[in-house]
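Contents: one structure, followed by commentary.
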Amino acid sequence: MPLVEIFGLGVIDNITSQYGYKVISNNLVYFLGGAGYTVFITALSLVMGMILGLFAGLGKLSNKKILCFLSTAYIDFFRGTPLFVQIFLLYFGILPLFYDNDPVTSAIIALGLNSGAYIGEIIRSGIQAVDHGQIEAARSLGMNQRQAMTHVILPQAFKIVIPPMINEFIALLKDSSLLSAITVPELMHRGDLVFANTYQATWVFGAIAVIYFIITKIISVIGDKVERRLATD
Amino acid sequence: MPLVEIFGLGVIDNITSQYGYKVISNNLVYFLGGAGYTVFITALSLVMGMILGLFAGLGKLSNKKILCFLSTAYIDFFRGTPLFVQIFLLYFGILPLFYDNDPVTSAIIALGLNSGAYIGEIIRSGIQAVDHGQIEAARSLGMNQRQAMTHVILPQAFKIVIPPMINEFIALLKDSSLLSAITVPELMHRGDLVFANTYQATWVFGAIAVIYFIITKIISVIGDKVERRLATD
Amino acid sequence: MIQVIDVYKSFGQLQVLKGVNFQVAPREVVCVIGPSGSGKSTLLRCINQLEATNSGQVYIDGEELTHPKTDINQIRQQVGMVFQLFNLFPHKTTLENITMAPIKIKGINKADAEKLAMELLGKVGLTDKAHVYPGKLSGGQKQRVAIARALAMQPKVMLFDEPTSALDPEMVGEVLAVMKNLAFEGMTMVVVTHEMGFAREVGDRVVFMDEGIIVEEGLPQDIFDNPQNPRTQAFLSKVL
Amino acid sequence: MIQVIDVYKSFGQLQVLKGVNFQVAPREVVCVIGPSGSGKSTLLRCINQLEATNSGQVYIDGEELTHPKTDINQIRQQVGMVFQLFNLFPHKTTLENITMAPIKIKGINKADAEKLAMELLGKVGLTDKAHVYPGKLSGGQKQRVAIARALAMQPKVMLFDEPTSALDPEMVGEVLAVMKNLAFEGMTMVVVTHEMGFAREVGDRVVFMDEGIIVEEGLPQDIFDNPQNPRTQAFLSKVL
Amino acid sequence: AGQTGDQNQAQQQQKVLKIGTNATFPPFEMQDNNEFTGFDMDLIRAIGEEQGYKVEINHMDFKALIPSLGNNKIDAAIAGMSITEERLESVDFTDAYFNAGLIIAVANSNESIKTTEDLKGRKLAAQNGTIGAAYCVEVKKQDPKTETRIFDDIGAAFMELEKGGVDAVVNDHPVTAYYLKTTTSTKAKMVGDIFSADDQYGIAVKKGNAETLDMLNEGLNKIKANGKYDEIYKKWF
Ligand SMILES: Nc1ncnc2c1ncn2[C@@H]1O[C@H](COP(=O)(O)OP(=O)(O)OP(=O)(O)O)[C@@H](O)[C@H]1O
Ligand SMILES: Nc1ncnc2c1ncn2[C@@H]1O[C@H](COP(=O)(O)OP(=O)(O)OP(=O)(O)O)[C@@H](O)[C@H]1O
Ligand SMILES: [Mg+2]
Ligand SMILES: [Mg+2]
């Protein structure tokens, strides 16, 4: 499908397709390097998001009012505003207060904070999806809240959480294209740069779409495998 | 929280905050008009997405191989590539083949196609979440597949589907900020323009963030109400 | 009325029915007993083709259900089924649960369908629950509505799959009473059940299944008091 | 051993326990019967404070559980509980289900915990299932593992909440046999059950609950053969 | 009623010139009170008037300008676009209408960067698609220790400079000058001379669209000749 589109667009662009093709072939390695950044940044953000999400998810379920409020506010804010705005405000506004921030670490922090909010909700609903009888059984054996959580609930929530987590990974990967705005050298940014020099919009963005599609497809195939493997025990 | 940030950022902007404040107050009506576009386009896209999503979701569950394949391909493509690239390819590449496309209708089609893929998955999983016994009961009474679907399964899937649908609405609303690229005069587009002429990044994007946040909050509050009302029958 | 001839059914590798032969005469009440996993539900579901058979034939009233040209939806209208977990439609009231199929499938007009439904509700003792949603009913009430719903299609045969085993003990009686009544009125019935008292009292014949075949069948008193097959003996010793 | 004094419990508007008084002596087996929704499970859950009481006191072995300063986790270790739906930990093997609490809570070393667990598995007849995940066990086997899991904490009291009502009929016997054994060994037990045969044979005392109060209690033969209260009579007439 | 009908007819007869721009590049193109203003805007309107066209301006993402030309959504794009050989592969440009030249902007406190030579090995910011960006990449080729940050808008590049994320912004002189003039409290200043004076802006049309190209070139020559161009130039610079 994307190939057809590229073809269709190539015609409309009214440009000899040879030039567009040359632009892509000349820049393919450069693009793949950008894809490397994309995956790398997304993966690190996801790790950060998981840690934050665990706290936020547990916090939202906590019966400590203040924790619950803070977690809810965090989750609501980052889910309620466009990621682009978050990236911009963090990069130019908040992070410079703390350190001499560079695009890549800022990107990881911004995406990490954003995905933390989504993962927080995933973890919360994963925990709530564990049968209530499980916590009752654990408590009836004399475990306290924390022991029941760590030994009984979280290991089971883990499995429930895998599929939405893979979806979040894919969403985050695609969202990382917004980091172009703060000059992170990821796939979309490199696409933007090549485009600006060549004006080959269709070829460049078509190729970028194909690369994103391949990466997300790989992740979802791996995700399905992981899910299936976990389902068997 | 956003207010604190705006404040923090206002300092960093290194500009008399009065100027930033003036920029916002001068442009507030302009921004709210943009927010109107944002909501309008998002709502229409959602309607289109629901129709497409219904077909795609049912198609993916169909035992007609070709329907299932087409639905899966549609869903995978639109979930697997960045929305920005989709908007771009549709606006410049695909839609001009069919009509003299303008930004607003193109935007609705692009977001509609995109959300259709996500809603397709929501509807598929909503249908699968209806207890299998329901379809058995319907079939055992002599209903055919279609009758069982329309009278028994879909009405129940409808309730299950409400909360993820509200999430999709919110996600779509935020994603509509990407339409800025094709000159749709929505909220983000107007923010971009005002920013470019005033350099008041923090104030402008802070204000934009607040407006998005308020809209998404309103949607989720209404969503919760709808959910609660439906839960009681 | 019902003829099941040499039916085989497997799920993937798992052979569940291994050549079942089985007849039910008109107005006969047959009770099917047997250990969990022996294929009782599967047999019942093959009778109305909720589960497609791998081989063998099923006839109801002379029509072959397993024939590819048979309109299975047509035949299912003549075969009522009652499930262990009731499977009432939660988004419809009791009355709507009962009238839905007659209106939507048979095209009966609403007033007639409701009249019939109220009669059936009377029969199962729930006239006062006509406009209540299933969520507000007790288990026993739900199952009685489910029976009324199946009867509303005026079936020739009724299939029951453990209709009382999800019920609280004090509600079992009310459902069995409805079923007993139905039997006395002459309905042809196949009942998978663990209620041995019901099987003994109401059943014309008892069929014992184990591991996908019918091991033994006969009059209730013969099976219960004098089982021949060692597997039947072992099962009954645990259950009675 | 157990003293329940004037316990009230409500969920929102719904009053579920309306002043329950109740004692269990050491080594006594008390069976609780009563219609669905009468508050039997809630009473049991108040005894080990899985459900906080609104008012009234609960004592176990002289310690007041309802006192705010009591370390409730400490006391729950001495009170085993068995649930209707087993609630085994599905991500752990049978053996791990049994050893988890002793290792994690009591700090017993793994080898000792496993030795004890194997003994208990022997007692419930499932030594060969030690390394199997719950998903592969039948209902009866699951419930026997659940009993072994509760026993592994060496409780002074065991609470059973309808331990056999989710089981296929041919598996009820194996679980009741394990419970009977436990009773004969002198365990103090409170058993909510619909198995009247068990109550009659094993119970030292039967308690009949209805609508949040204890309506009648006494020796099994007195309750079953000669119930005094009309509500008890009505209930027993449906169930026996 | 007849009168309005005539007016309508007159409007329909007047040819429309659809122009695309990216109004985030003051003083060439920007937006003020919902009106597009700036040097480029005045210029294209003047050309349109001269040639008998009604000019219709659309703002869009910079990325969207070229595809918009490609499928005739716009007739021409004017957005401070520098004429380069690579781009000539994809679009045609009119004769140059502005000779920009680059300038370096640094923080007020910065005394170490004075000339283009001092840019080597530093952190540099520029706007994507400008000659400034190309220049930064060139510097990086000469000294790989150089770090380049190429932003989508020039506004973001200036903000990066103000927050101390880069040492210098390399950009078209008029744009930088306008920025420093309008944001009085800025912490930045211009240093050195204008360089790369061969940075010339052109109006882009779809490749092969000689008709529009000739019309625009003609109009451009006319307004240069009749003093209109100088008038607009004086208004903005
Ligand atoms: N849809 C299915 N897919 C795979 N296996 C199935 C399916 N339905 C039933 N089985 C398997 O077929 C076997 C027989 O199932 P069936 O439900 O007919 O037994 P049953 O005699 O009704 O038992 P029970 O008394 O527990 O209801 C079981 O091992 C069951 O796991
Ligand atoms: N967590 C809860 N929240 C609200 N209501 C509850 C809760 N737990 C129990 N109830 C209600 O309290 C009443 C008594 O419940 P309980 O489970 O104690 O009854 P029971 O005697 O055990 O019945 P059964 O035989 O069905 O198990 C019921 O009406 C039930 O709906
Ligand atoms: Mg069955
Ligand atoms: Mg209970």
Side-chain angles (χ1 to χ4, degrees), chain A residues 1-2 4-13 70 73-74 76-94 96-97 118 121 125 163 167 170-171 173-178 180 187-188 191 201-202 205-217 219-220, chain B residues 1-2 4-13 73-74 76-77 79-90 92-94 96-97 118 121 125 163 167 170-171 173-178 180 187-188 191-192 195 201-202 204-217 219-220:
Chain A
M1 182 136 173
V4 174
E5 286 178 8
I6 290 167
F7 180 71
L9 289 163
V11 172
I12 293 147
D13 265 355
L70 285 177
Y74 162 65
D76 281 4
F77 177 74
F78 280 94
R79 283 166 47 108
T81 52
L83 175 57
F84 177 74
V85 174
Q86 292 164 20
I87 291 170
F88 228 73
L89 289 177
L90 277 165
Y91 185 67
F92 288 115
I94 312 286
L97 297 175
Y118 285 89
E121 277 293 277
S125 71
N167 285 343
I170 291 173
L173 190 115
K174 291 183 296 158
D175 286 345
S176 71
S177 62
L178 296 174
S180 178
L187 182 53
M188 188 58 134
T202 316
F205 293 114
I208 298 280
V210 171
I211 298 175
Y212 274 110
F213 187 70
I214 291 170
I215 301 173
T216 54
K217 202 76 205 167
I219 295 172
S220 70
Chain B
M1 184 142 170
V4 173
E5 286 178 10
I6 290 167
F7 180 70
L9 290 163
V11 171
I12 293 146
D13 266 355
Y74 163 64
D76 281 7
F77 177 73
R79 284 165 45 107
T81 52
L83 175 57
F84 174 75
V85 175
Q86 292 164 21
I87 291 170
F88 216 75
L89 292 178
L90 276 166
F92 292 113
I94 311 288
L97 298 176
Y118 284 89
E121 278 292 278
S125 71
N167 284 343
I170 292 173
L173 189 116
K174 291 183 295 159
D175 286 345
S176 71
S177 61
L178 296 174
S180 178
L187 181 53
M188 187 58 134
D192 280 346
F195 160 66
T202 315
V204 171
F205 290 113
I208 297 281
V210 170
I211 297 175
Y212 274 110
F213 185 72
I214 291 170
I215 302 173
T216 55
K217 202 74 205 166
I219 295 172
S220 72

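Being a predicted model, the structure only gives us computed values, none of them experimental. Convention: sequence-line order gives letters A, B, ...; per-chain numbering from 1.
- Both the backbone and the side chain of F205(A) come within contact range of chain B, each with at least one heavy atom under 4.5 Å from a heavy atom of that chain.
- Of the two parts of Y74(B), neither the backbone nor the side chain holds a non-hydrogen atom closer than 4.5 Å to a non-hydrogen atom of chain A.
- The line from CG of D175(B) to CG of L83(A) is 9.5 Å long, rounded to the nearest 0.5 Å.
- To the nearest 0.5 angstrom, Y212(B) atom OH is 10.5 Å from F84(A) atom CZ.
- The part of L178(A) that comes within reach of chain B is its side chain, from C-beta onward, which places non-hydrogen atoms under 4.5 angstrom from that chain.
- In this structure, CG in L89(B) is found 11.0 Å from CD1 in I208(A), a value given to the nearest 0.5 Å.
- Residue pairs meeting the salt bridge (charged side-chain N to carboxylate O under 4.0 Å, His left out) criterion with at least one partner in residues 76-92 of chain A, sequence neighbours excluded, are D76(A)-K217(B).
- Side-chain contact between V85(B) and K174(A) is absent, with no heavy-atom pair separated by less than 4.5 Å.
- If you measure heavy-atom distances from T216(B) to chain A, the contacts under 4.5 Å come from the side chain alone.
- With a 4.5 angstrom heavy-atom cutoff, Y91(A) does not touch chain B via any of its atoms.
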